[in-house]
Participant: 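My questions all concern the structure below.
In each ligand, atom 1 is the first atom listed, and ligand 1 is the first ligand listed. Only a predicted model underlies this, so the values are computations on that prediction, with no experimental measurement involved.
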Amino acid sequence: MPAKWLKDAVFYEIYPQSFRDTNSDGIGDFNGIIEKLDYIKSLGCNALWLNPCFDSPFRDAGYDVRDYKKVAPRYGTNNDLYRLFGEAHKKGIRVILDLVPGHTSEEHPWFRRSQSAEQPNPYTNRYIWTEHWFAGCGDLPYIAGEAERSGTYIINFFKCQPALNYGFLKPREPWQLPMDHPDCIATREAMKDVMRFWLKHGCDGFRVDMAASLVKYDDERKSGTCAIWRNVRQMLDAEFPDAALVAEWSRPDLSLPAGFDMDFILNDPHTRYATLLRDYNEPVDNTYFRKDAPDRDITRFLDIYQGWYAATRGVGYISMPTCNHDTVRLRHRLDETEIKLAYAFLFTMPGVPFLYYGDEIGMRYLELPGKEGGYFRTGSRSPMQWDASKNLGFSNAEADALYLPVDSADDAPTVAAQQDDPASLLNTVRALLKLRHDNEDLQADAPYEPVCTEKGRPFVYRRGNLLLAVNPSGEKLFADVDMDLDHREALFTLGMADAAHGRLVMGPQSFAVLK
Ligand code: NOJ
């Protein structure tokens with residue numbers, strides 16, 4: 001059973017580098033997040049996910065952890081983070097941290113010991129070492145020529161991220177340890193120890209990086225990796241029953257039964273999520289929410305989603321993010337109206353939605369040179385745009401000292417500029433999230449069922465007793481639905497919607513919730 005507080009949770013993802021700098025060093029900090037908690041609350045978000053904020057050489061923006069139990073000084077101190085937990089809780093906001101269990105930085109003391117010439121030591125098998133000094137690692141990515149000890153080691157992502165050793169499901173060579181080897185169990189226990197540390201200090205759970213990556217040569221259904229997560233879940237159930245875990249996995253049918261409360265559906269081709277929001281890498285851009293999509297078809301997404309929804313109902317939640325720190329922002333290809341409709345859909349579907357900082361004002365994807373291993377992703381990591389003051393209110397540092405430049409466009413969106421306009425994207429987000437909080441039928445658990453999925457019709461769906469419809473096209477569309485239309489009233493609309501005599505008529509680019 002997922003943690004109870006998730007039922008009405010809406011998360012806000014913060015890339016701490018770029019949110020709010022209070023000590024004028026050009027980079028965001030914990031005090032900046034504390035300063036903005038009321039703003040976050042005003043959006044209707046009641047939970048935060050912070051990208052990794054731990055000590056790190058930052059070769060992958062902090063996903064290369066050097067010390068799991070110490071925050072990076074550039075964001076403040078551990079005590080500042082504990083204070084953030086406390087202040088957030090006072091306002092009814094939960095905070096989850098980013099747990100990176102699959103790899104560490106090559107500068108982590110565990111790895112320094114593991115690679116040293118003095119062998120054996122307690123960390124000899126904390127990482128995956130082959131017996132070969134140069135090659136011979138099968139198809140796993142490895143690094144040679146860097147270690148003091150003889151052998152090559154396996155990496156999990158970048159070169160700077162050696163893979164932690166949770167063992168192999170079916171070892172094929174002597175250097176491949178089985179999952180029940182005491183040293184592999186010790187890795188798992190070390191990660192549980194990290195989780196306990198932060199949970200005891202007041203964090204509410206974790207977003208789990210590359211959650212599927214733990215056991216090597218795992219089978220199709222990831223049974224090795226799932227067994228580890230089930231073991232972790234047992235610990236949480238016994239010691240921190242309120243803690244929530246969200247997986248970066250995109251296989252809710254596997255991750256949720258293994259003990260995750262939520263799983264993100266991301267843009268990997270198998271999820272078909274991109275067909276909704278960013279299908280522009282295909283030969284024809286049929287992004288569902290694009291007004292001019294030539295062959296709009298919601299079933300391209302639902303063909304996968306429906307199966308996952310049915311398989312995981314009551315077990316855990318599917319999470320659909322507006323974007324994240326690895327993805328191109330929606331504003332890159334969608335205009336404001338298209339984005340409003342996309343959010344209307346995302347925020348009224350079952351599961352737990354995630355809003356990426358700045359998406360509430362339609363921040364742009366900027367063409368920026370890569371920073372801290374960001375590559376193309378850097379363009380979605382630029383500073384939050386608060387108002388028209390220096391550096392758009394992000395920082396008082398000189399512009400050339402900023403972590404990343406702010407959007408220099410004359411019409412760069414800001415919170416201040418949208419604050420008083422009831423029709424702004426910002427206030428539309430607020431209205432949608434308020435609608436969700438006010439109506440249990442729109443929250444995580446309420447039943448969901450597609451009602452009309454035909455091409456050339458609005459997508460009509462039911463949540464509890466509510467009927468919802470979205471028409472992203474530029475034309476007026478109708479759907480004949482036998483759901484008591486004559487007695488329903490509109491709870492919320494964007495654009496024009498009309499219902500009578502069994503026919504739902506949706507104006508161009510419209511959305512409606514009918515009660
Ligand atoms: C997924 C994270 O979201 C991404 O930013 C990171 O680079 C990789 N995992 C490696 O940890």
Participant: Would the Y217 and F168 ring centres measure less than 6.0 Å apart?
Facilitator: yes
Participant: Do N46 and R94 have side-chain atoms, one donor and one acceptor, less than 3.5 Å apart?
Facilitator: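 R94 and N46 do not have a side-chain donor-acceptor pair below 3.5 Å.
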Participant: My understanding is that only one of R300, R290, R272 makes a salt bridge (Lys or Arg N to Asp or Glu O under 4.0 Å) with D279; could you say which?
Facilitator: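 For D279, the salt bridge (Lys or Arg N to Asp or Glu O under 4.0 Å) test succeeds with only one of R300, R290, R272, which is R300.
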Participant: Taking the side chain as every heavy atom from C-beta outward, state whether D21 and D29 have any pair of such atoms under 4.5 Å apart.
Facilitator: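 Counting from C-beta outward, D21 and D29 do come under 4.5 Å.
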Participant: What residues come within 4.0 Å of ligand 1, counting heavy atoms only?
Facilitator: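 Shell around ligand 1 (4.0 Å, heavy atoms): D60, Y63, H103, F157, R207, D209, M210, E248, H325, D326, R377, R381.
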Participant: Tell me which pairs pass salt bridge (charged side-chain N to carboxylate O under 4.0 Å, His left out) where either residue lies in residues 130-158, with sequence neighbours left out.
Facilitator: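 Listed once each, the pairs are E146-K159.
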Participant: Under the 3.5 angstrom rule, does the side chain of T322 hit a backbone N or O of Y356 as a donor-acceptor pair?
Facilitator: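 Yes, the answer is positive, given that a donor and an acceptor are paired below the 3.5 Å cut-off.
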